[in-house]
Amino acid sequence: MTPAPAPTTTMAGTQSIAGLTTKIQDTAGDIPPSLMGATSTIVGDQLYLFGGRLQASAQVYNRLYVLDLITRIWTRIFTKNDAPSPRYFHSANVCRSMEGDKKMTRIIFYGGLTVSTTESNGLRSLGDLSILVLGDDQNENEPYWEYPELSCQKNIPHKRYSHLTTMTHDDRYLVVLGGQDVNAGYIDEINIYNCRQKKWHEPYVINSHYCTYRTAVSTVTPISPSISIPSSSSISGALGNPSVETPPLAPPGRGNNSSVNNVMLPGEEENRELEEAMHRQKLYSTIFTYSNYNFYDLKRTLHQITISNKGYVADFTDYTQSLIGSRQHTPPALRFPSGFACGHHLIVVGPNITPESQQLHVWALNVVSMSWSRIDAGPALAQGSWLRGLLYEDRNQFIVFGHPGRSMHADHTQRIVHFDYFASIDTEAFGVYRPPRLTFGPAAQEAGLALLSNPALSDITMISTDGYRVRANSNILAQRWPSVHSRLTPLVSPTTLSSSFSSIKYTLTFPDCYDILVAFLQFLYTDHLTTVEQNQPRILTRLLLLADLFSLERLKALTVHSLHQMLQISTAPDIYQTAALADCASLQIRALRVMVNAKKMIQQQQNQQQQNQQQQPRQQQQQQSQTKNLVDRLVSPIQQATPSSPSSSTTYQPLSKLLRYYDINVPIPPTTSAAPPDIGNNNTNNTNNNNINKINNGNNSTSITTDLDIFPTPPTPLARTPHQRVNIAPPLRAKNPSRKSSNSTTTTASPTTPHTINNFTSTSRSRPSTPSSKSLRKPSQTAWLPMTF
């Protein structure tokens, strides 16, 4: 058992899970020099490097190197016949085909640039095809070259370099997109080469510029629907209500059905949908192209190109609008991006070189949901030069060539790639991996479950740990379960036949409970996880342990795939523990990432709650402060309008309509009809202060509170002497806006002690007259009206 991986610790002391997914390794042997424009292709565990140009001497290579990704040793390969002409900025694609009972593997090289003595710039573009034959899957043959004859054919494409290529329809067609001619002019067309018939099809004109320094392309085949987790609703039509918690092969006492005939099979409608999906995949292949350009004002495009099985472009769809969104969830500006397909993901890789950072970025586009996710390589690739890489599909890894001691900016300027080191990034830890392949169709899977349910075709009894028995066929067990093949030899290959042979009862003890035994047998009979019961988290974790115990790689791949799809906050702890026991490091790291992200979310929610609790008193204080400021704003203009001493300024500053009518600082013209008010002595009597209505804000100034609608027209101002200041307040009751002048009393007081008597405020030097009981109001009985400005 492999111990659980621990997150790496950075120099800052923080833990990084991304450090678990990337590993840098050095290489040995015949290491190629640093090259410009060379191609690399992975076949099995071998990486083939061809062509390229030296930056210093401008020499162009046609050498072939092979790197063993297990031993990390480079070897230069010499083929049987002559290699093609030296070239760089060409393309290379793996092509697999069946020839009789042998599976042949080839690498197709197309186009590129080479040295020319006749051209003015010393270069010329190529348009030939060169095929490296690696041999078949049964024998290890020495590689050799093939050169198809194309001179007499029609629809031969233009010579080009810096183009993009991909394979479709099980490597039947080679699709060439865009590129440039020797004068750096764009070639806006799509060309398709039939690898079986060895001929070119008619080109398809496009309105987009495709070239290696701005575009990434790959053929993305959606995940096979027959190996996805079946939903209970899709099979409810054939089995009734699937929500009943009765196992499909329920033993006596566990449910309403006691026989093994009640097996949950996919419904006819689901089978029909699966067959149609498989048929569509045979008819059409989907190519996705992602481009980014104009790096100072970044532009992105995403196109989907559908190729039919006849070898022509059936559809061209623009999905650029799906890229519009937050920059946090889309790739940054990537220089010389490259594209690869893994499952239903389009992987886009390229260096992001800015004045602030220089780092390789790996992004994955889910072509089903059209959502981007970044594959974080962690701090391992934060330093050094890492420019080019390719997908190691068999191991769900991404290989990047480079050098940790070089400058990425300098190498990108010279367009060179180093091959002394390579970094491997675990893409499965981010949910990007190649799903298990389909081995049998829905009809064959249904037949296997029906065979398991037929006791007449069973000759062995399996006993679970809880004492329940299930009948099975020994030949199927021996073929699909190699660990018990030796124990089933008497049944599978009997040496002697006797009349009593049929009466012998063979039993086989299974190391788990009944539910797990049934799910295990369903896998052996179908080679898939097809039933709803098989795809329960508890059963999947037990099946994963059994797959690791009995070395069943097929079952292990299926259970890991299903657990990846079920991974969420509630299931992450159990999946993490099971993956650690079953030596599934990628699944374990991804489950750990889910738990860490869940912990971060909980901490953020708790911090948000604490901040909200701390902000509540602050908000209350702010509201109180705002209320106080509002009151001060309402009171302050009137305080400024009321003089604090006889020497106050008489500058006219209108505050409102009412104050323009009753501005105490406006000089009042003398009148002959009105007698001057009586001026008394300087003594001040404060005896009746408790019975007088006044508003005092602490600086001996008087505030007047009234309503603007009380007086529709301004009354006649009172006459005064030049040495007398009279503060006039309007009546406070809206019910009686017009008081008679007889009810208004003018009194004298000290300049520092204002009084409000009979709704008038005055400053004089005589004792105020005693108001009547009707005109004297208590503060609790005063109807104060709001003033608006």
Checklist entry - Any luck finding a side-chain donor-acceptor pair between Asn396 and Thr427 under 3.5 Å? => result no
Checklist entry - Parallel, tilted or perpendicular: which fits the ring planes of His561 and Tyr433, with parallel below 30° and perpendicular above 60°? => result perpendicular
Next on the checklist: Please enumerate all residues that pass side chain to side chain contact (heavy atoms under 4.5 Å, CB included) together with Gln55, with sequence neighbours excluded.
Outcome noted: Met36, Gln414, Ile416
Checklist entry - Do the side-chain N and O atoms of Thr530 and Gln445 include a donor-acceptor pair separated by under 3.5 angstrom? => result no
Checklist entry - Relative to the ring of Phe520, is the ring of Phe523 parallel (under 30°), tilted (30 to 60°) or perpendicular (over 60°)? => result tilted
Checklist entry - Who are the side chain to side chain contact (heavy atoms under 4.5 Å, CB included) partners of Thr215, not counting sequence neighbours? => result Leu164, Tyr210, Thr289, Ser291
Next on the checklist: Between His90 and Thr39, is there a side-chain donor-acceptor contact under 3.5 Å, judged purely by atom types and distance?
Outcome noted: yes
Checklist entry - Taking only residues two or more places apart in sequence or in another chain, which ones pass salt bridge (charged side-chain N to carboxylate O under 4.0 Å, His left out) with Asp512? => result Arg542
Checklist entry - side chain to side chain contact (heavy atoms under 4.5 Å, CB included) with Thr165: which residues, sequence neighbours excluded? => result Ser91, Asn93, His163, Leu174, Val176
Next on the checklist: Applying side-chain hydrogen bond (donor to acceptor under 3.5 Å, both in side chains) as the test, list every pair that has at least one member in residues 590-605; sequence neighbours left out.
Outcome noted: His564-Arg590
Checklist entry - Could you go step by step and tell me if Asp515 and Arg538 meet the salt bridge (charged side-chain N to carboxylate O under 4.0 Å, His left out) rule? => result CA-CA 10 Å; Asp515 296 339; Arg538 182 185 66 87; 3.4 Å; yes
Donor-acceptor contacts, no H, no angles, side chain residues 386-394, under 3.5 Å, sequence neighbours left out:
from, atom 1, to, atom 2, distance (Å)
Trp386, NE1, Gln383, O, 3.0
Arg388, NH1, Phe336, O, 3.0
Tyr392, OH, Asp45, OD1, 2.3
Tyr392, OH, Arg395, NE, 3.0
Asp394, OD1, Arg434, NH1, 3.3

